Chemist: 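A single structure is presented below for examination.
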Amino acid sequence: MKHFNDIIKHIFQPAALLWVFPLLLIIPNVALAVTESDPILFKITDIILPLGVYYLQTSITLNIGLTVACCLPLMILAAFQIVLLYLYGESIIAIDMFLNVATTNVGEVSELLGNLIFAIVTVIVIYLPPIIWAIWLMLSRRRLSSRQLFRPRRLGLTAALVGLILLGCCFAAYPGAAVMRHIFPVNVCSNLVSAVKRTADTRGYKDSSADFSYRPTATRESAEREIYVFVIGETSRADNWQLDGYERPTTPHLAAEKNLIFYPKTLSESNTTHKSVPMLMSYLDASNFGDSICAAKSIFALFNDMGFHTACFSNHSPNHSFIDFFGGQADTSAFIKSQSATKFDSDLIGPLSDFIEAYPEGRLFIVLHTYGSHFNYRERYPDSHSLFKPDNATDADRGNRQQLINAYDNTIAYTDCLLDSIIRRVGREHCNAAVVYTSDHGEDIFDDSRGRFLHASPTPTYYQVHVPFVIWTSDEYGENYPETVRHAAANRDKNVSSSKSAFNTIIDLAGLTTEYADPRYSLAGEDYREPERIYLNDYNEAVELVKSGFKEADVVNCQKHNILSLIHI
Ligand SMILES: [Zn+2]
């Protein structure tokens with residue numbers, strides 16, 4: 001036993017930890033140097049400078065166990081970063097990523113974590129041993145000698161000085177570039193602070209938006225019954241829609257609907273739910289989201305002011321985000337999921353039907369926020385809607401791609417049935433009515449050599465932003481407003497931004513306007529204008545889509561769908 005203890009003491013010397021620990025902390029920086037497409041000068045700086053600082057801080061005192069234990073937050077950041085690189089293949093931990101963690105419900109987190117076991121085990125294997133090592137050194141009161149600090153301090157000082165010179169070169173070589181956004185973990189700490197600030201801004205939303213009013217007006221006379229339904233999809237990408245040319249019959253009901261228009265060249269300006277949905281539910285788009293989200297109200301406020309009865313029914317869980325606040329501005333709002341753990345989107349039909357029946361003469365505006373095609377796909381539809389089989393594999397593994405695609409296609413087919421049910425329910429009212437559908441964003445499903453999966457990654461892909469957009473109008477609407485329907489049909493092959501056009505199109509269909517509207521982006525307008533392709537990045541800045549992290553493969557996919565006309569490379 002004594003012999004064993006001697007071996008342990010020999011291996012786990014304080015000096016060994018001093019040399020090893022900075023090398024473990026620098027792992028994310030080395031990984032980012034491989035994954036990111038930054039200039040080489042940035043990459044070298046991002047390794048030399050932090051490594052120098054790590055050696056300096058690790059050799060700051062003789063009590064190496066305590067020093068390493070105090071670095072626990074750094075280890076957590078490094079571990080989180082490695083897991084995200086495993087998940088998305090690139091990018092630092094984004095502000096949105098912190099917010100997603102804060103706003104995602106427990107069920108979603110457990111679904112995701114279950115598929116990241118390999119990455120989680122890896123970071124545990126890397127970072128748990130030094131923690132145990134440090135604790136053991138503290139408990140056994142083992143410390144460094146002063147002489148042992150000399151060489152690591154010299155190395156740290158040299159590397160830090162070289163790193164600072166390189167940092168100066170970065171600023172000089174790339175004036176105007178946000179250099180510190182490329183130095184880990186400074187960038188991630190800054191993002192964490194921004195996430196906290198945004199959370200505080202969100203909490204203060206009620207006060208900051210109190211004075212907002214759309215001051216809407218009517219563009220036509222209407223005392224008749226009208227019903228407008230806006231269905232907001234989740235994670236549905238256009239490429240898996242039969243209406244978009246997909247080879248599988250995923251949207252047979254909609255394909256057979258005569259009063260339906262599908263817009264195949266639609267891109268969302270965000271790949272995250274918590275940004276995209278507020279843009280769909282308000283006049284905001286990528287160009288003004290960052291400045292105005294805290295002061296804006298939702299489309300419900302506009303319809304309320306015009307005397308409509310409004311309702312918002314959601315199959316998401318409430319998470320105290322802008323989506324909740326916007327939905328709460330409807331006369332009636334309900335989260336059907338909170339009443340029971342498992343709800344399918346078809347459970348939204350009941351509240352919709354009840355609301356329509358509650359106002360047999362009224363003018364109605366209703367938003368249905370579906371859970372659509374969100375991972376885990378197999379849980380989004382009942383067994384009776386399992387058309388494409390096998391569809392049971394749920395691990396985030398490229399080897400399961402065909403089963404994941406089968407399950408995903410089943411969610412699209414289920415959405416097709418849902419929209420068909422909504423259209424038939426609204427159609428039964430025989431009044432001026434329209435149903436508009438789009439999805440908040442799309443999804444990656446191991447589509448190319450990048451092996452990307454899911455959405456909400458710090459940089460978007462073609463599959464994450466190419467979404468379906470659908471307008472259906474009732475026979476009565478077509479008879480009363482034939483020009484509007486004609487314009488909507490004439491614009492079917494135009495480039496569309498769902499973020500810009502959803503709001504402007506819906507209020508135009510309803511014969512309403514506001515000083516906040518931009519009628520040029522109404523798909524029902526005669527003078528429809530195709531949008532610049534912009535994207536709302538992690539810093540809430542509108543950037544050109546091609547500069548948002550789009551890769552060659554994404555541009556090629558846009559070209560295939562003839563969506564490139566307004567993307568300038
Ligand atoms: Zn979403």
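It should be emphasised that the depicted structure is a prediction, and the values quoted were computed from it without experimental measurement. When a ligand or atom number is given, it counts from 1 through the structure's own listing order. Just so it is clear, the values below take in all heavy atoms, side chains as well, and ignore hydrogens, waters and symmetry mates.
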Chemist: If only side-chain N and O atoms count, and only distance matters, is there a donor-acceptor pair under 3.5 Å linking Asp440 with Thr273?
Modeler: yes

Chemist: Taking N, O or S atoms only and a limit of 2.8 Å, check whether Thr273 reaches the Zn ion (ligand 1).
Modeler: yes

Chemist: Is it the case that Lys337 places NZ or CZ above or below the six-membered ring of Tyr371, under 6.0 angstrom from the centre and within 45 degrees of the axis?
Modeler: yes

Chemist: Do you know which N/O/S atom name in Glu234 is closest to the Zn ion (ligand 1)?
Modeler: OE2

Chemist: Looking at the Zn ion (ligand 1), is there an N, O or S atom belonging to His441 that lies under 2.8 Å away from it?
Modeler: yes

Chemist: Using a cut-off of 6.0 Å, state whether more than 12 heavy atoms not belonging to Arg203 lie near its atom CZ.
Modeler: no

Chemist: Indicate whether any N or O donor in one side chain lies under 3.5 Å from an N or O acceptor in the other, for Lys547 and Asn537.
Modeler: no

Chemist: Which N, O or S atom name in Asp440 marks its closest approach to the Zn ion (ligand 1)?
Modeler: OD2

